[in-house]
Amino acid sequence: SMNPNQIEELISKAFPGAQVRVRSEDNVHYEAIVVAAEFKGLRPLQRHQLVYKSLGDRMGGEIHALQLQTLTPDELAQSR
């Protein structure tokens, strides 16, 4: 299985400059927050698909479940 740091690295490679935070209590189920400018103008499903694409075949394999929160930098600023 993968640890949260490995998943953070994969997502960060796909979204340079993004803020990525991944956590897991069992290295099977993960929660991730990804803040990336690339999400601007995209619906949540489209954002999630971009993140899943960055993880490739690992989704459904080594990564059993990934709960995602995807925000643009502006949305993050508004939520604080």
Do [X] and [Y] land in one hydrophobic cluster if side-chain heavy atoms of ILVMFWY residues count as linked below 4.5 Å?
| X | Y | result |
| --- | --- | --- |
| Ile7 | Val35 | no |
| Tyr52 | Val34 | yes |
| Val22 | Leu71 | no |

Next item on the list: For residues 4-17, pull every pair meeting salt bridge (charged side-chain N to carboxylate O under 4.0 Å, His left out), keeping only residues two or more places apart or in separate chains.
Entry: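 Non-adjacent pairs meeting salt bridge (charged side-chain N to carboxylate O under 4.0 Å, His left out): zero.
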Name all residues meeting the side-chain contact (heavy atoms from CB on, under 4.5 Å) criterion together with [X]; count only those two or more places apart in sequence or in a different chain, and write none if there are none.
| X | result |
| --- | --- |
| Leu42 | Gln46, Arg47, Leu50 |
| Asn27 | Ser1, Asn3, Pro4, Ser24, Tyr30 |
| Glu38 | Phe15, Pro16, Ala36 |

Give the table of side-chain donor-acceptor pairs shorter than 3.5 Å for residues 53-64, with sequence neighbours excluded, one pair per line with atom names and distance.
residue, atom, partner, partner atom, Å
Ser54, OG, Val51, O, 2.6
Arg58, NH1, Leu55, O, 3.4

Item checked: Distance, nearest 0.5 Å, that separates CD of Gln69 from CG of Leu76 ->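 Going from CD on Gln69 over to CG on Leu76, the span is 8.5 Å.
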Note to self: As an exercise, state the distance from NZ of Lys40 to OG1 of Thr72, rounded to the nearest 0.5 Å.
What the structure shows: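 It comes to 6.5 Å.
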Item checked: Sequence-distant partners of Arg23, side chain to side chain donor-acceptor pair (under 3.5 Å), two or more places apart ->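 Arg23 satisfies side chain to side chain donor-acceptor pair (under 3.5 Å) with Glu31 only.
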Check: What residues form a side chain to side chain donor-acceptor pair (under 3.5 Å) with His29, not counting sequence neighbours?
Finding: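 Expected list: Asp26.
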